[in-house]
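Here the structure comes first, spelled out in structure tokens, and everything after it is commentary.
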Amino acid sequence: MLKQLKQKAIAEIKQAGDLNSLEKVFRQYLGRKGELTQVLRSLKDLSAKERATQGKLANQIKKEIENILEQKKYKIRDTKYELPKEWLDVTAPGVPMPQGHLHPITLVQRQVEEIFQSMGFTVANGPEVETDYYNFDALNVPKNHPARDLWDTFWLKDLDLLLRTHTSPVQARYMEKNNPPLRIIVPGRCYRHEATDASHDVIFHQVEGLMVGSDVSAANFKGVIEEFFKQFYHTDVKIRLRPSYFPFVEPGFEVDVKRKGKNWLEIMGAGMVHPNVFKTVGYKANNYQGFAFGIGLDRLAMIKYQIDDIRLLFTNDLRLLKQF
Ligand code: PHE
């Protein structure tokens, strides 16, 4: 009779599909009024001998049922928390995040910085909102001088400030604080109040260069610039200097570059630093000489990446930007 009870209990445990029905089975056999509990209670009415054998068997069965119940409980719990198969495939390749791109101007600027740094130049900076003193006066362009018309300037209303028209003011700012020998480049944004077309925008970028020492010559300039373009284009180049005018240099030149099989390209203004500029920043007259140049960074980028309209560089059109 006890063995039948056990079989029945085990069969019911097997059938129980969830914790609730399992709990019912427990109460059915081991609860306060459970079938097995009642058997155990009635043991006291038996003879001592019977009590011993029946008692032993009943307790053994109780333990067995408890064990099976426990195991089934874990099994139900495990299946309950088991993750659905399709929830996560850890071997699936990830979805690539869309990547940002460096702007062509940034790419070219970094390359230019690297090349000049390899030649001992330091990267310096200056403000884009400038005083007219640094943008003009300190560069040998006095107030009311017609040479100011060389640069169409954005003036800040009612203030003595302007958006710098070139990176040259940083020449004066740097020399005021540093003595020769010095070698710097100054990459940065410039602004001109001009009509825009494919090669002119109101915003553009220059890299100013300045090298000053006791005997820095125009030949040094040619050497440095030739080396720069060699490294920039990864090929031999020819350099041509044409006389030009900038108030802060004397003599001044326009610099053209030619790669094999290509046309001459006008790429920068340059010259030997004017003695008046040295005087203004407080250098002793005749002690120093040096060269300065201003490369159009946008021009370099346009040539390098074959972009035919400068305005494309500032419209933030993703179709262009994503190509870099
Ligand atoms: N600052 C000049 C310009 O923007 C370029 C230049 C720089 C010329 C340095 C000579 C020396 O037009």
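First listed ligand is number 1; within each ligand, the first listed atom is number 1. Treat the numbers as computed from the prediction; the structure is a model and nothing was measured.
Ligand 1 lies under 4.0 Å from heavy atoms of Trp151, His166, Ser168, Gln171, Arg192, Gln206, Glu208, Phe246, Phe248, Val249, Gly269, Ala270, Ala292, Phe293, Gly294.
Among residues two or more places apart in sequence or in another chain, the salt bridge (charged side-chain N to carboxylate O under 4.0 Å, His left out) test is passed with Asp137 by Lys143, Arg148. In terms of the salt bridge (charged side-chain N to carboxylate O under 4.0 Å, His left out) criterion, residue partners of Glu64 (sequence neighbours excluded) are, by chain and number, Lys6. By the salt bridge (charged side-chain N to carboxylate O under 4.0 Å, His left out) test, Arg173 is found to be paired with Glu130, residues two or more places apart in sequence or in another chain being considered.
Aromatic ring pairs are classed by plane angle as parallel below 30°, tilted from 30° to 60° and perpendicular above 60°; the pair His103 and Phe314 is parallel.
The pair Glu266-Arg242 meets the salt-bridge criterion, with a side-chain N (NZ, NE, NH1 or NH2) lying under 4.0 Å from an Asp/Glu carboxylate O.
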| When you look at Phe246 and His166, which way does the ring pair (Phe, Tyr, Trp, His ring centres under 6.0 Å) test go after all the steps? | CA-CA 12 Å; Phe246 300 96; His166 47 184; 8.8 Å; no
